[in-house]
Number of protein chains: 2
Amino acid sequence: MTTEQEFLASYNVKDFDQPLFSVDSVVFRYFESQLQVLLVKRKGFPFKGRHALPGGFVDVKNDHCLNDVALRKVRDKTGVEPTYCEQLNTHGSPDRDPRGWSATTIYLAFLRPQSTLIEDANELAIWANVSEVDSLDLAFDHLSIVNEAFKRLHDRCSYTLIGAALLGETFTLSALQSLHEHIFAHKVEKKAFRRRVEASGQLIETGEYTAGRGRPAMIYKLCETALEYSFVRAMD
Amino acid sequence: MTTEQEFLASYNVKDFDQPLFSVDSVVFRYFESQLQVLLVKRKGFPFKGRHALPGGFVDVKNDHCLNDVALRKVRDKTGVEPTYCEQLNTHGSPDRDPRGWSATTIYLAFLRPQSTLIEDANELAIWANVSEVDSLDLAFDHLSIVNEAFKRLHDRCSYTLIGAALLGETFTLSALQSLHEHIFAHKVEKKAFRRRVEASGQLIETGEYTAGRGRPAMIYKLCETALEYSFVRAMD
DNA sequence: CTTAATAGTGGCGTTACGACACTAAATAAA
DNA sequence: TTTATTTAGTGTCGTAACGCCACTATTAAG
(Lines give C-alpha, C1' and ligand atoms only; values in the text may rest on other atoms or scores of the structure.)
Protein backbone atom coordinates (compact mmCIF):
# COMPACT_ATOMS: atom_id res chain seq x y z
CA MET A 1 0.00 0.00 0.00
CA THR A 2 1.94 2.98 -1.20
CA THR A 3 -0.53 5.66 -2.20
CA GLU A 4 -3.40 7.38 -0.49
CA GLN A 5 -5.67 6.37 -3.38
CA GLU A 6 -4.97 2.69 -2.75
CA PHE A 7 -5.47 3.15 0.97
CA LEU A 8 -8.82 4.84 0.52
CA ALA A 9 -9.99 2.34 -2.09
CA SER A 10 -9.48 -0.55 0.30
CA TYR A 11 -10.66 1.30 3.41
CA ASN A 12 -13.92 0.21 4.95
CA VAL A 13 -15.26 1.93 8.05
CA LYS A 14 -17.04 -1.26 9.07
CA ASP A 15 -13.75 -3.16 9.44
CA PHE A 16 -13.29 -1.35 12.76
CA ASP A 17 -15.21 -1.23 16.03
CA GLN A 18 -16.70 2.21 16.17
CA PRO A 19 -19.01 3.69 18.76
CA LEU A 20 -22.56 4.66 17.89
CA PHE A 21 -22.73 8.38 17.24
CA SER A 22 -25.83 10.54 17.55
CA VAL A 23 -26.85 14.17 17.89
CA ASP A 24 -29.49 15.22 20.43
CA SER A 25 -30.95 18.59 21.34
CA VAL A 26 -32.18 20.21 24.50
CA VAL A 27 -34.82 22.58 23.15
CA PHE A 28 -36.22 25.06 25.61
CA ARG A 29 -39.21 27.37 25.41
CA TYR A 30 -40.61 29.76 28.03
CA PHE A 31 -44.35 29.29 28.06
CA GLU A 32 -46.76 30.76 30.60
CA SER A 33 -43.98 31.53 33.07
CA GLN A 34 -42.63 28.01 32.82
CA LEU A 35 -39.36 26.92 31.26
CA GLN A 36 -40.15 23.84 29.21
CA VAL A 37 -38.09 21.29 27.34
CA LEU A 38 -39.04 19.40 24.20
CA LEU A 39 -39.21 15.62 24.66
CA VAL A 40 -40.28 12.77 22.42
CA LYS A 41 -41.81 9.50 23.48
CA ARG A 42 -39.64 6.78 21.96
CA LYS A 43 -41.40 4.51 19.51
CA GLY A 44 -38.62 1.95 19.15
CA PHE A 45 -36.03 0.14 21.23
CA PRO A 46 -34.07 0.79 23.29
CA PHE A 47 -36.05 2.63 26.00
CA LYS A 48 -39.26 2.10 24.02
CA GLY A 49 -42.10 4.17 25.43
CA ARG A 50 -39.82 6.32 27.57
CA HIS A 51 -39.30 10.04 27.05
CA ALA A 52 -36.05 11.22 25.52
CA LEU A 53 -34.43 14.24 23.91
CA PRO A 54 -35.20 14.74 20.22
CA GLY A 55 -32.28 13.61 18.11
CA GLY A 56 -30.88 10.75 16.15
CA PHE A 57 -28.17 9.55 13.89
CA VAL A 58 -26.29 11.39 11.19
CA ASP A 59 -27.75 10.98 7.73
CA VAL A 60 -24.42 10.56 5.97
CA LYS A 61 -26.05 11.15 2.59
CA ASN A 62 -27.63 14.50 3.43
CA ASP A 63 -26.25 16.12 6.58
CA HIS A 64 -23.36 18.52 6.09
CA CYS A 65 -22.52 19.22 9.70
CA LEU A 66 -23.65 18.39 13.22
CA ASN A 67 -25.76 21.51 13.30
CA ASP A 68 -27.71 20.17 10.33
CA VAL A 69 -28.48 16.97 12.21
CA ALA A 70 -29.74 18.84 15.25
CA LEU A 71 -31.85 21.31 13.26
CA ARG A 72 -33.31 18.58 11.05
CA LYS A 73 -34.60 16.71 14.08
CA VAL A 74 -36.03 19.81 15.71
CA ARG A 75 -37.69 20.79 12.43
CA ASP A 76 -39.31 17.35 12.24
CA LYS A 77 -41.03 17.91 15.57
CA THR A 78 -41.87 21.58 15.37
CA GLY A 79 -41.71 22.71 11.76
CA VAL A 80 -39.67 25.77 12.65
CA GLU A 81 -36.08 26.86 13.12
CA PRO A 82 -34.87 27.64 16.63
CA THR A 83 -34.29 31.28 17.50
CA TYR A 84 -30.99 30.27 19.08
CA CYS A 85 -28.78 27.21 18.74
CA GLU A 86 -25.38 26.37 20.16
CA GLN A 87 -23.42 23.20 20.65
CA LEU A 88 -23.24 22.19 24.30
CA ASN A 89 -20.91 19.21 24.61
CA THR A 90 -20.45 15.56 23.76
CA HIS A 91 -20.92 12.56 26.02
CA GLY A 92 -19.51 9.13 25.40
CA SER A 93 -19.41 5.92 27.39
CA PRO A 94 -19.88 2.17 26.99
CA ASP A 95 -22.90 2.19 29.33
CA ARG A 96 -25.17 5.01 28.24
CA ASP A 97 -26.78 3.00 25.44
CA PRO A 98 -27.48 -0.76 25.71
CA ARG A 99 -26.52 -1.17 22.06
CA GLY A 100 -22.90 -0.50 22.93
CA TRP A 101 -20.28 2.23 23.20
CA SER A 102 -22.01 5.42 22.18
CA ALA A 103 -21.27 9.11 21.88
CA THR A 104 -23.78 11.92 21.48
CA THR A 105 -23.25 15.55 20.70
CA ILE A 106 -25.75 17.79 22.46
CA TYR A 107 -27.17 21.03 21.13
CA LEU A 108 -28.89 23.71 23.18
CA ALA A 109 -31.69 25.41 21.26
CA PHE A 110 -34.54 27.84 21.96
CA LEU A 111 -38.00 28.16 20.48
CA ARG A 112 -40.47 30.96 20.97
CA PRO A 113 -43.22 30.62 23.59
CA GLN A 114 -46.05 30.05 21.15
CA SER A 115 -44.21 27.26 19.28
CA THR A 116 -46.44 24.32 18.58
CA LEU A 117 -45.62 20.69 17.85
CA ILE A 118 -46.32 18.88 14.62
CA GLU A 119 -49.15 16.45 15.32
CA ASP A 120 -48.45 13.86 12.68
CA ALA A 121 -44.79 13.31 13.51
CA ASN A 122 -43.64 9.72 13.93
CA GLU A 123 -42.88 10.10 17.58
CA LEU A 124 -45.16 11.94 19.97
CA ALA A 125 -43.51 15.18 21.03
CA ILE A 126 -44.39 17.02 24.24
CA TRP A 127 -43.34 20.07 26.18
CA ALA A 128 -42.32 19.15 29.73
CA ASN A 129 -41.77 21.67 32.49
CA VAL A 130 -38.08 21.64 33.35
CA SER A 131 -39.00 21.61 37.02
CA GLU A 132 -40.75 18.29 36.51
CA VAL A 133 -38.41 16.35 34.20
CA ASP A 134 -36.86 14.62 37.21
CA SER A 135 -40.05 12.64 37.63
CA LEU A 136 -40.29 11.58 33.97
CA ASP A 137 -37.69 8.77 34.03
CA LEU A 138 -35.94 9.91 30.87
CA ALA A 139 -34.15 7.47 28.58
CA PHE A 140 -30.35 7.16 28.41
CA ASP A 141 -28.47 9.81 30.41
CA HIS A 142 -30.86 12.47 29.16
CA LEU A 143 -31.91 13.71 32.58
CA SER A 144 -28.37 14.74 33.49
CA ILE A 145 -28.00 16.26 30.02
CA VAL A 146 -31.10 18.40 30.54
CA ASN A 147 -29.61 19.54 33.83
CA GLU A 148 -26.32 20.42 32.16
CA ALA A 149 -28.18 22.33 29.47
CA PHE A 150 -30.09 24.27 32.08
CA LYS A 151 -26.84 25.11 33.84
CA ARG A 152 -25.41 26.36 30.54
CA LEU A 153 -28.54 28.44 29.97
CA HIS A 154 -28.20 29.85 33.48
CA ASP A 155 -24.52 30.68 32.97
CA ARG A 156 -25.08 32.29 29.57
CA CYS A 157 -27.97 34.37 30.85
CA SER A 158 -25.68 35.82 33.49
CA TYR A 159 -23.44 37.50 30.92
CA THR A 160 -25.33 37.55 27.61
CA LEU A 161 -28.76 38.49 26.29
CA ILE A 162 -29.55 35.11 24.73
CA GLY A 163 -32.43 34.64 27.15
CA ALA A 164 -34.32 37.13 24.98
CA ALA A 165 -34.41 34.46 22.26
CA LEU A 166 -36.83 32.58 24.53
CA LEU A 167 -39.30 35.47 24.34
CA GLY A 168 -41.42 36.60 21.43
CA GLU A 169 -39.82 38.61 18.67
CA THR A 170 -40.75 41.71 20.63
CA PHE A 171 -40.91 41.97 24.39
CA THR A 172 -40.84 44.33 27.33
CA LEU A 173 -37.98 44.87 29.75
CA SER A 174 -40.20 43.56 32.53
CA ALA A 175 -40.74 40.32 30.62
CA LEU A 176 -37.01 39.96 30.04
CA GLN A 177 -36.36 40.61 33.71
CA SER A 178 -38.98 38.06 34.78
CA LEU A 179 -37.38 35.45 32.56
CA HIS A 180 -34.03 36.05 34.18
CA GLU A 181 -35.56 35.88 37.63
CA HIS A 182 -37.13 32.57 36.73
CA ILE A 183 -33.86 31.12 35.42
CA PHE A 184 -31.75 32.47 38.30
CA ALA A 185 -34.44 31.47 40.82
CA HIS A 186 -34.16 34.80 42.59
CA LYS A 187 -35.20 38.43 42.17
CA VAL A 188 -33.19 40.78 39.98
CA GLU A 189 -32.95 44.46 40.92
CA LYS A 190 -35.00 46.42 38.40
CA LYS A 191 -32.87 49.53 38.00
CA ALA A 192 -29.60 47.64 37.78
CA PHE A 193 -31.08 45.26 35.21
CA ARG A 194 -32.38 48.07 33.02
CA ARG A 195 -29.16 50.07 33.26
CA ARG A 196 -27.20 47.01 32.20
CA VAL A 197 -29.45 46.09 29.30
CA GLU A 198 -29.63 49.69 28.14
CA ALA A 199 -25.85 50.08 28.30
CA SER A 200 -25.40 47.03 26.07
CA GLY A 201 -26.94 48.92 23.18
CA GLN A 202 -28.38 45.64 21.89
CA LEU A 203 -32.07 46.48 22.31
CA ILE A 204 -34.14 48.61 19.97
CA GLU A 205 -37.29 50.44 20.99
CA THR A 206 -40.09 49.58 18.57
CA GLY A 207 -42.07 52.68 19.55
CA GLU A 208 -45.03 50.45 20.42
CA TYR A 209 -46.41 50.08 23.92
CA THR A 210 -48.26 47.32 25.71
CA ALA A 211 -51.86 47.86 26.82
CA GLY A 212 -53.62 46.51 29.87
CA ARG A 213 -53.48 46.85 33.61
CA GLY A 214 -50.88 49.33 34.81
CA ARG A 215 -48.64 51.73 32.93
CA PRO A 216 -47.99 50.71 29.30
CA ALA A 217 -44.51 49.32 28.74
CA MET A 218 -42.17 50.10 25.87
CA ILE A 219 -41.86 47.18 23.49
CA TYR A 220 -38.34 46.29 22.40
CA LYS A 221 -36.72 43.97 19.92
CA LEU A 222 -33.18 42.63 19.67
CA CYS A 223 -30.73 44.15 17.25
CA GLU A 224 -28.87 41.89 14.83
CA THR A 225 -25.80 41.45 17.01
CA ALA A 226 -27.62 40.94 20.29
CA LEU A 227 -27.13 37.16 20.53
CA GLU A 228 -23.37 37.48 20.14
CA TYR A 229 -23.05 40.23 22.73
CA SER A 230 -21.22 39.54 25.97
CA PHE A 231 -21.25 41.71 29.07
CA VAL A 232 -17.86 42.29 30.68
CA ARG A 233 -19.41 41.60 34.06
CA ALA A 234 -21.68 38.71 35.07
CA MET A 235 -24.96 39.04 36.95
CA ASP A 236 -26.40 36.62 39.47
CA MET B 1 -39.73 -8.15 17.83
CA THR B 2 -41.51 -7.52 21.08
CA THR B 3 -38.88 -7.25 23.78
CA GLU B 4 -35.80 -5.13 24.27
CA GLN B 5 -33.74 -8.30 24.73
CA GLU B 6 -34.72 -9.54 21.30
CA PHE B 7 -34.02 -6.15 19.80
CA LEU B 8 -30.57 -5.95 21.32
CA ALA B 9 -29.71 -9.55 20.42
CA SER B 10 -30.37 -8.89 16.76
CA TYR B 11 -28.91 -5.39 16.69
CA ASN B 12 -25.69 -4.85 14.82
CA VAL B 13 -24.09 -1.43 14.69
CA LYS B 14 -22.54 -2.29 11.34
CA ASP B 15 -25.94 -2.65 9.67
CA PHE B 16 -26.09 1.15 9.58
CA ASP B 17 -24.04 3.88 7.97
CA GLN B 18 -22.29 5.60 10.80
CA PRO B 19 -19.73 8.38 10.67
CA LEU B 20 -16.17 7.85 11.80
CA PHE B 21 -15.74 9.13 15.31
CA SER B 22 -12.47 10.23 16.88
CA VAL B 23 -11.14 12.27 19.79
CA ASP B 24 -8.32 14.77 19.29
CA SER B 25 -6.56 17.13 21.66
CA VAL B 26 -5.05 20.56 21.42
CA VAL B 27 -2.31 20.37 24.04
CA PHE B 28 -0.60 23.62 24.90
CA ARG B 29 2.55 24.37 26.84
CA TYR B 30 4.24 27.72 27.54
CA PHE B 31 7.94 27.20 26.97
CA GLU B 32 10.58 29.94 26.85
CA SER B 33 7.99 32.68 26.38
CA GLN B 34 6.35 30.80 23.52
CA LEU B 35 2.95 29.18 23.50
CA GLN B 36 3.39 25.80 21.84
CA VAL B 37 1.06 23.07 20.68
CA LEU B 38 1.71 19.34 20.59
CA LEU B 39 1.60 17.84 17.10
CA VAL B 40 2.34 14.39 15.73
CA LYS B 41 3.67 13.54 12.30
CA ARG B 42 1.22 11.03 10.81
CA LYS B 43 2.67 7.63 10.03
CA GLY B 44 -0.32 6.28 8.11
CA PHE B 45 -2.92 7.38 5.62
CA PRO B 46 -4.74 9.64 5.22
CA PHE B 47 -2.49 12.73 5.34
CA LYS B 48 0.57 10.51 5.75
CA GLY B 49 3.62 12.53 6.72
CA ARG B 50 1.62 15.63 7.58
CA HIS B 51 1.39 17.09 11.06
CA ALA B 52 -1.85 16.62 13.01
CA LEU B 53 -3.30 16.88 16.48
CA PRO B 54 -2.68 13.89 18.74
CA GLY B 55 -5.77 11.73 18.95
CA GLY B 56 -7.48 8.73 17.53
CA PHE B 57 -10.40 6.38 17.75
CA VAL B 58 -12.24 5.13 20.80
CA ASP B 59 -10.97 1.81 22.12
CA VAL B 60 -14.40 0.35 22.78
CA LYS B 61 -12.88 -2.39 24.91
CA ASN B 62 -11.01 -0.11 27.32
CA ASP B 63 -12.12 3.52 27.19
CA HIS B 64 -14.83 4.53 29.64
CA CYS B 65 -15.45 8.06 28.47
CA LEU B 66 -14.21 10.59 25.92
CA ASN B 67 -11.87 12.06 28.48
CA ASP B 68 -10.18 8.67 28.73
CA VAL B 69 -9.57 8.64 24.99
CA ALA B 70 -8.03 12.09 25.01
CA LEU B 71 -5.83 11.44 28.05
CA ARG B 72 -4.68 8.06 26.76
CA LYS B 73 -3.41 9.63 23.56
CA VAL B 74 -1.66 12.46 25.35
CA ARG B 75 -0.09 10.01 27.78
CA ASP B 76 1.25 7.99 24.85
CA LYS B 77 3.16 10.99 23.57
CA THR B 78 4.28 12.58 26.81
CA GLY B 79 4.03 10.05 29.59
CA VAL B 80 2.28 12.51 31.88
CA GLU B 81 -1.21 13.76 32.75
CA PRO B 82 -2.18 17.27 31.69
CA THR B 83 -2.46 19.90 34.43
CA TYR B 84 -5.74 21.01 32.89
CA CYS B 85 -8.18 19.36 30.52
CA GLU B 86 -11.57 20.45 29.22
CA GLN B 87 -13.74 19.44 26.31
CA LEU B 88 -13.81 22.10 23.62
CA ASN B 89 -16.35 21.06 20.99
CA THR B 90 -17.13 18.53 18.29
CA HIS B 91 -16.78 18.95 14.55
CA GLY B 92 -18.52 16.80 11.98
CA SER B 93 -18.77 16.92 8.21
CA PRO B 94 -18.61 14.65 5.17
CA ASP B 95 -15.48 16.42 3.88
CA ARG B 96 -13.06 16.72 6.74
CA ASP B 97 -11.73 13.17 6.35
CA PRO B 98 -11.32 11.47 2.95
CA ARG B 99 -12.48 8.19 4.47
CA GLY B 100 -16.00 9.58 4.76
CA TRP B 101 -18.38 11.39 7.12
CA SER B 102 -16.45 11.96 10.30
CA ALA B 103 -16.91 13.61 13.65
CA THR B 104 -14.21 14.47 16.16
CA THR B 105 -14.50 15.67 19.71
CA ILE B 106 -11.74 18.11 20.63
CA TYR B 107 -10.15 18.48 24.05
CA LEU B 108 -8.12 21.45 25.24
CA ALA B 109 -5.29 20.41 27.57
CA PHE B 110 -2.24 22.00 29.19
CA LEU B 111 1.16 20.59 30.08
CA ARG B 112 3.87 22.23 32.14
CA PRO B 113 6.69 24.12 30.41
CA GLN B 114 9.35 21.49 31.02
CA SER B 115 7.23 18.62 29.64
CA THR B 116 9.20 16.34 27.38
CA LEU B 117 8.06 13.98 24.65
CA ILE B 118 8.45 10.23 24.65
CA GLU B 119 11.11 9.39 22.09
CA ASP B 120 10.09 5.88 21.19
CA ALA B 121 6.43 6.62 20.48
CA ASN B 122 5.05 5.27 17.22
CA GLU B 123 4.48 8.69 15.76
CA LEU B 124 7.01 11.48 16.03
CA ALA B 125 5.68 14.15 18.36
CA ILE B 126 6.85 17.75 18.30
CA TRP B 127 6.15 21.05 19.98
CA ALA B 128 5.24 23.73 17.45
CA ASN B 129 5.01 27.42 18.23
CA VAL B 130 1.37 28.43 17.95
CA SER B 131 2.47 31.52 16.03
CA GLU B 132 3.93 29.26 13.36
CA VAL B 133 1.34 26.49 12.94
CA ASP B 134 -0.20 28.36 10.00
CA SER B 135 2.85 27.46 7.95
CA LEU B 136 2.82 23.76 8.87
CA ASP B 137 0.03 22.61 6.53
CA LEU B 138 -1.79 20.59 9.17
CA ALA B 139 -3.87 17.54 8.29
CA PHE B 140 -7.70 17.52 8.29
CA ASP B 141 -9.27 20.74 9.65
CA HIS B 142 -6.74 20.80 12.47
CA LEU B 143 -5.44 24.29 11.75
CA SER B 144 -8.82 25.88 12.34
CA ILE B 145 -9.25 23.69 15.40
CA VAL B 146 -5.97 24.95 16.86
CA ASN B 147 -7.20 28.47 16.25
CA GLU B 148 -10.49 27.74 17.98
CA ALA B 149 -8.63 26.24 20.91
CA PHE B 150 -6.44 29.30 21.19
CA LYS B 151 -9.53 31.50 21.16
CA ARG B 152 -11.03 29.41 23.96
CA LEU B 153 -7.77 29.70 25.92
CA HIS B 154 -7.83 33.45 25.38
CA ASP B 155 -11.45 33.73 26.51
CA ARG B 156 -10.95 31.55 29.58
CA CYS B 157 -7.86 33.47 30.61
CA SER B 158 -9.89 36.66 30.63
CA TYR B 159 -12.12 35.46 33.47
CA THR B 160 -10.40 32.48 35.09
CA LEU B 161 -6.97 31.52 36.44
CA ILE B 162 -6.52 28.44 34.28
CA GLY B 163 -3.57 30.05 32.55
CA ALA B 164 -1.61 29.27 35.70
CA ALA B 165 -1.85 25.57 34.77
CA LEU B 166 0.52 26.40 31.90
CA LEU B 167 3.20 27.49 34.38
CA GLY B 168 5.24 25.36 36.74
CA GLU B 169 3.68 24.10 39.94
CA THR B 170 4.93 27.28 41.59
CA PHE B 171 5.29 30.63 39.92
CA THR B 172 5.54 34.37 40.48
CA LEU B 173 2.85 36.95 39.83
CA SER B 174 5.09 38.51 37.21
CA ALA B 175 5.29 35.20 35.35
CA LEU B 176 1.52 34.82 35.48
CA GLN B 177 1.10 38.36 34.22
CA SER B 178 3.57 37.81 31.39
CA LEU B 179 1.68 34.71 30.31
CA HIS B 180 -1.55 36.69 30.15
CA GLU B 181 0.15 39.45 28.19
CA HIS B 182 1.42 36.89 25.72
CA ILE B 183 -2.02 35.31 25.27
CA PHE B 184 -3.86 38.64 25.08
CA ALA B 185 -1.13 40.08 22.84
CA HIS B 186 -1.08 43.30 24.83
CA LYS B 187 0.21 44.69 28.13
CA VAL B 188 -1.72 44.14 31.34
CA GLU B 189 -1.65 46.80 34.04
CA LYS B 190 0.41 45.43 36.92
CA LYS B 191 -1.48 46.83 39.88
CA ALA B 192 -4.90 45.94 38.49
CA PHE B 193 -3.73 42.42 37.69
CA ARG B 194 -2.33 41.83 41.16
CA ARG B 195 -5.37 43.29 42.91
CA ARG B 196 -7.60 41.01 40.89
CA VAL B 197 -5.58 37.85 41.46
CA GLU B 198 -5.19 38.66 45.14
CA ALA B 199 -8.92 39.28 45.55
CA SER B 200 -9.71 35.87 44.05
CA GLY B 201 -8.17 34.18 47.08
CA GLN B 202 -7.06 31.33 44.83
CA LEU B 203 -3.30 31.82 45.20
CA ILE B 204 -1.17 30.70 48.13
CA GLU B 205 2.15 32.26 49.08
CA THR B 206 4.76 29.52 49.44
CA GLY B 207 7.01 31.76 51.54
CA GLU B 208 9.83 31.16 49.07
CA TYR B 209 11.35 33.87 46.92
CA THR B 210 13.08 33.87 43.57
CA ALA B 211 16.76 34.80 43.31
CA GLY B 212 18.58 36.61 40.54
CA ARG B 213 18.62 39.99 38.96
CA GLY B 214 16.29 42.49 40.60
CA ARG B 215 14.14 42.26 43.70
CA PRO B 216 13.24 38.68 44.69
CA ALA B 217 9.64 37.78 43.91
CA MET B 218 7.23 35.89 46.12
CA ILE B 219 6.60 32.39 44.82
CA TYR B 220 2.95 31.29 44.74
CA LYS B 221 1.04 28.12 44.05
CA LEU B 222 -2.59 27.53 43.17
CA CYS B 223 -5.04 26.40 45.79
CA GLU B 224 -7.20 23.32 45.12
CA THR B 225 -10.18 25.22 43.78
CA ALA B 226 -8.24 27.65 41.60
CA LEU B 227 -8.99 26.01 38.26
CA GLU B 228 -12.75 26.14 38.87
CA TYR B 229 -12.72 29.78 39.95
CA SER B 230 -14.43 32.39 37.79
CA PHE B 231 -14.08 36.14 38.12
CA VAL B 232 -17.30 38.12 37.95
CA ARG B 233 -15.65 40.55 35.58
CA ALA B 234 -13.57 39.78 32.49
CA MET B 235 -10.18 41.31 31.67
CA ASP B 236 -8.83 42.16 28.25
C1' DC C 1 -61.76 60.36 42.39
C1' DT C 2 -59.26 56.98 44.65
C1' DT C 3 -56.74 52.72 44.62
C1' DA C 4 -54.05 49.13 42.75
C1' DA C 5 -51.00 47.62 39.39
C1' DT C 6 -47.34 47.93 36.49
C1' DA C 7 -43.46 50.81 34.21
C1' DG C 8 -39.81 53.54 34.68
C1' DT C 9 -36.24 57.13 37.05
C1' DG C 10 -33.05 59.59 40.58
C1' DG C 11 -29.49 59.29 43.32
C1' DC C 12 -26.13 57.63 46.71
C1' DG C 13 -22.85 54.20 48.30
C1' DT C 14 -19.72 50.35 46.95
C1' DT C 15 -16.71 47.45 44.21
C1' DA C 16 -13.34 46.65 41.02
C1' DC C 17 -10.79 48.29 37.48
C1' DG C 18 -7.33 51.86 34.73
C1' DA C 19 -3.60 54.75 35.10
C1' DC C 20 0.50 56.08 36.92
C1' DA C 21 3.69 57.61 40.23
C1' DC C 22 5.91 55.85 43.84
C1' DT C 23 8.83 52.64 47.09
C1' DA C 24 11.69 48.14 47.82
C1' DA C 25 15.32 44.92 47.24
C1' DA C 26 18.30 42.62 44.67
C1' DT C 27 22.64 42.53 41.18
C1' DA C 28 25.93 44.94 38.09
C1' DA C 29 28.91 48.59 37.06
C1' DA C 30 31.73 52.46 38.30
C1' DT D 1 31.75 51.74 48.41
C1' DT D 2 28.69 54.20 45.88
C1' DT D 3 25.58 54.52 41.95
C1' DA D 4 22.90 52.59 38.22
C1' DT D 5 19.89 49.13 36.59
C1' DT D 6 16.56 45.73 37.04
C1' DT D 7 12.71 43.56 38.74
C1' DA D 8 8.94 43.35 42.51
C1' DG D 9 5.50 45.39 44.73
C1' DT D 10 2.36 49.54 46.74
C1' DG D 11 -0.52 54.10 47.23
C1' DT D 12 -3.89 56.71 45.45
C1' DC D 13 -7.07 59.02 42.60
C1' DG D 14 -10.55 58.80 39.07
C1' DT D 15 -14.19 56.07 36.76
C1' DA D 16 -17.58 52.44 35.19
C1' DA D 17 -21.06 49.56 36.62
C1' DC D 18 -23.56 47.53 40.05
C1' DG D 19 -26.77 47.20 44.75
C1' DC D 20 -30.16 49.42 46.97
C1' DC D 21 -34.20 51.90 47.63
C1' DA D 22 -37.16 55.68 47.38
C1' DC D 23 -39.48 58.13 44.15
C1' DT D 24 -42.46 59.45 39.93
C1' DA D 25 -45.57 58.05 35.79
C1' DT D 26 -49.46 56.06 33.46
C1' DT D 27 -52.82 52.96 32.95
C1' DA D 28 -57.42 50.15 34.40
C1' DA D 29 -60.68 48.93 38.07
C1' DG D 30 -63.81 50.12 41.62
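Each chain gets a letter, A, B and so on, in the order its sequence line appears, and its residues count up from 1.
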Helix axis bend for the helix from C:dC1-D:dG30 to C:dA30-D:dT1 - C1'-based end axes, five pairs, 10° rounding: 20°
Geometric class of the B:Phe110/B:Phe28 ring pair [parallel <30°, tilted 30-60°, perpendicular >60°]: tilted
Between P of D:dG19 and CE of A:Met235, the distance in whole Å: 9 Å
Residue met sooner reading DNA chain C from 5', once A:Glu189 and B:Ala234 are mapped to nucleotides: A:Glu189
Side-chain H-bond candidate by donor/acceptor type, A:Glu148 with A:His91, under 3.5 Å: yes
Sugar-phosphate, base or nothing in reach of A:Met218, heavy atoms under 4.0 Å: sugar-phosphate
Earlier contact from the 5' end, DNA chain D, for A:Ala199 and A:Ala211: A:Ala199
Student check: side-chain heavy atoms of B:Leu39 and B:Leu53 closer than 4.5 Å: yes
Contact nearer the 5' end of DNA chain C, comparing B:Gly214 with A:Thr172: A:Thr172
Under 3.5 Å donor-acceptor pair, A:Lys191 side-chain atoms to C:dG8 base atoms: no
Side-chain-base donor-acceptor pair under 3.5 Å for B:Arg195 and D:dG11: no
Phosphate OP1/OP2 of D:dT7 contacted by B:Ser174 side-chain N/O (<4.0 Å): no
Length of the CG-P vector between B:Asp236 and C:dG18, whole Å: 10 Å
Separation of D:dC18 C1' from A:Phe231 CZ (nearest whole Å): 12 Å
Return a table of donor-acceptor pairs under 3.5 angstrom between the side chains of residues 207-215 of chain A and protein atoms on other chains or two or more places apart.
| from | atom 1 | to | atom 2 | distance (Å) |
| --- | --- | --- | --- | --- |
| A:Thr210 | OG1 | A:Ala217 | N | 2.8 |

side-chain N/O B:Arg194 vs D:dG9 OP1/OP2, d < 4.0 Å: yes
Side-chain-base donor-acceptor pair under 3.5 Å for A:Arg213 and C:dA5: no
Stepwise ring-ring contact (aromatic ring centres under 6.0 Å, His included) check, A:Phe140 with A:Phe47: CA-CA 8 Å; A:Phe140 306 101; A:Phe47 297 104; 4.6 Å; yes
Sugar-phosphate, base or nothing in reach of B:Arg196, heavy atoms under 4.0 Å: sugar-phosphate
Spacing between A:Arg233 atom CZ and D:dT15 atom P, to the nearest angstrom: 18 Å
Base D:dA8 to side chain B:Arg215, donor-acceptor N/O within 3.5 Å cut-off: yes
Nucleotide D:dA22, atom P - distance to NZ of A:Lys190 in whole Å: 13 Å
Side-chain heavy atoms of B:Leu71 within contact of B:Glu81, under 4.5 Å: yes
A:Gln114 atom CD, over 12 foreign heavy atoms within 6.0 Å: yes
Nearest-neighbour nucleotide for the A:Pro216 side chain, C:dG18, D:dT26, D:dG9 considered: D:dT26
Quick one: side chains of residues 226-236 of chain B, donor-acceptor pairs under 3.5 Å with protein atoms, not counting sequence neighbours, listed by atom name and distance.
| from | atom 1 | to | atom 2 | distance (Å) |
| --- | --- | --- | --- | --- |
| B:Asp236 | OD1 | B:His186 | NE2 | 2.5 |
| B:Asp236 | OD2 | B:His154 | NE2 | 3.1 |

Whole-Å distance separating the CZ atom of B:Phe193 from the P atom of C:dA19: 16 Å
Whole-Å gap separating P (C:dT6) and CZ (A:Phe171): 20 Å
Protein-nucleotide distance (A:Glu208, atom CD; C:dA7, atom C1'), rounded to Å: 17 Å
